[in-house]
Amino acid sequence: MTKWGQIIRDLMKQQSVTQRALETASGVNRSTLKRYLNGQSQPKTDVLERLLSPLGYSIMMSETGDPVKMPERRAKPKLIKAVGCERGY
(Lines give C-alpha, C1' and ligand atoms only; values in the text may rest on other atoms or scores of the structure.)
Protein backbone atom coordinates (compact mmCIF):
# COMPACT_ATOMS: atom_id res chain seq x y z
CA MET A 1 0.00 0.00 0.00
CA THR A 2 1.29 3.44 -0.94
CA LYS A 3 1.93 5.76 2.00
CA TRP A 4 0.28 8.82 0.52
CA GLY A 5 0.59 10.84 3.72
CA GLN A 6 4.37 10.59 3.58
CA ILE A 7 4.44 11.39 -0.14
CA ILE A 8 2.29 14.49 0.39
CA ARG A 9 4.39 15.52 3.40
CA ASP A 10 7.59 15.20 1.33
CA LEU A 11 6.12 17.25 -1.54
CA MET A 12 4.97 19.92 0.90
CA LYS A 13 8.43 20.09 2.44
CA GLN A 14 10.16 20.30 -0.97
CA GLN A 15 7.90 23.19 -1.99
CA SER A 16 7.73 24.91 1.44
CA VAL A 17 3.95 24.54 1.52
CA THR A 18 2.19 24.78 4.87
CA GLN A 19 -0.77 22.67 5.94
CA ARG A 20 -2.91 25.81 5.97
CA ALA A 21 -1.93 26.65 2.37
CA LEU A 22 -2.69 23.11 1.18
CA GLU A 23 -5.98 23.17 3.07
CA THR A 24 -6.95 26.40 1.28
CA ALA A 25 -5.83 25.19 -2.16
CA SER A 26 -7.38 21.71 -1.91
CA GLY A 27 -10.47 22.34 0.18
CA VAL A 28 -9.52 19.47 2.51
CA ASN A 29 -10.06 20.28 6.19
CA ARG A 30 -6.77 20.67 8.08
CA SER A 31 -7.68 18.14 10.79
CA THR A 32 -8.39 15.59 8.03
CA LEU A 33 -5.15 16.55 6.29
CA LYS A 34 -3.23 15.99 9.55
CA ARG A 35 -4.67 12.48 9.84
CA TYR A 36 -3.43 11.69 6.32
CA LEU A 37 0.01 13.19 6.96
CA ASN A 38 0.38 11.25 10.23
CA GLY A 39 -0.65 7.97 8.59
CA GLN A 40 -3.76 7.61 10.74
CA SER A 41 -5.99 7.48 7.67
CA GLN A 42 -5.69 7.04 3.89
CA PRO A 43 -7.36 9.52 1.53
CA LYS A 44 -9.92 8.35 -1.01
CA THR A 45 -9.01 8.76 -4.67
CA ASP A 46 -10.91 12.02 -5.22
CA VAL A 47 -9.45 13.61 -2.09
CA LEU A 48 -5.96 12.44 -3.01
CA GLU A 49 -6.26 14.10 -6.41
CA ARG A 50 -7.38 17.34 -4.72
CA LEU A 51 -4.31 17.22 -2.45
CA LEU A 52 -1.78 16.37 -5.16
CA SER A 53 -3.01 18.78 -7.83
CA PRO A 54 -2.02 22.03 -6.06
CA LEU A 55 1.41 20.49 -5.48
CA GLY A 56 1.77 19.92 -9.22
CA TYR A 57 1.36 16.14 -9.17
CA SER A 58 -1.17 13.58 -10.34
CA ILE A 59 -2.46 10.42 -8.73
CA MET A 60 -1.05 8.47 -11.68
CA MET A 61 1.88 6.33 -10.57
CA SER A 62 5.24 6.02 -12.27
CA GLU A 63 7.07 2.70 -12.60
CA THR A 64 8.84 3.45 -9.31
CA GLY A 65 5.53 3.90 -7.49
CA ASP A 66 5.93 7.66 -7.16
CA PRO A 67 3.23 10.13 -8.18
CA VAL A 68 3.70 11.60 -11.65
CA LYS A 69 4.54 15.30 -11.98
CA MET A 70 1.95 17.10 -14.06
CA PRO A 71 3.17 18.99 -17.13
CA GLU A 72 3.75 22.70 -16.62
CA ARG A 73 0.76 24.84 -17.48
CA ARG A 74 0.91 28.41 -18.68
CA ALA A 75 -1.02 29.78 -15.72
CA LYS A 76 -0.12 27.32 -12.99
CA PRO A 77 -2.12 28.12 -9.85
CA LYS A 78 0.21 29.17 -7.08
CA LEU A 79 -0.13 28.04 -3.52
CA ILE A 80 -0.16 31.02 -1.25
CA LYS A 81 0.95 30.85 2.32
CA ALA A 82 -2.30 31.53 4.13
CA VAL A 83 -2.05 34.23 6.73
CA GLY A 84 -5.23 35.21 8.47
CA CYS A 85 -7.91 35.84 5.86
CA GLU A 86 -5.66 37.01 3.05
CA ARG A 87 -6.35 35.46 -0.33
CA GLY A 88 -4.37 35.52 -3.54
CA TYR A 89 -6.94 37.30 -5.69
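You'll find the side chain of Val17 stays beyond 4.5 Å of the side chain of Leu11, heavy atoms only. The shortest distance between side-chain heavy atoms of Thr18 and Met12 does not fall below 4.5 Å. You'll find the side chain of Tyr36 stays beyond 4.5 Å of the side chain of Ile8, heavy atoms only.
With sequence neighbours left out, Asn29 forms a side-chain hydrogen bond (donor to acceptor under 3.5 Å, both in side chains) with Ser31. Applying the side-chain hydrogen bond (donor to acceptor under 3.5 Å, both in side chains) criterion to Gln6, with sequence neighbours excluded, gives Asp10. For Arg35, the side-chain hydrogen bond (donor to acceptor under 3.5 Å, both in side chains) test picks out no residue, with sequence neighbours left out.
With values rounded to the nearest 0.5 angstrom, Gln15 atom CD is found 6.5 Å from Tyr57 atom OH. Taking CZ of Arg9 as the start and CG of Asn38 as the end, the distance is 5.5 Å to the nearest 0.5 Å. Atom-to-atom distance recorded for Thr32:OG1 and Glu23:CD is 9.0 Å, nearest 0.5 angstrom.
Across all their heavy atoms, Pro43 and Leu48 have their closest contact at CG-CD1, 4.0 Å. The heavy-atom pair separating Val28 from Leu33 by the smallest distance is CG1-N, 4.2 Å.
The backbone N or O of Gln19 sits nowhere less than 3.5 Å from a side-chain atom of Arg30 that would complete a donor-acceptor pair. Side-chain atoms of Ser26 come within 3.5 Å of backbone N or O of Leu22 as a donor-acceptor pair.
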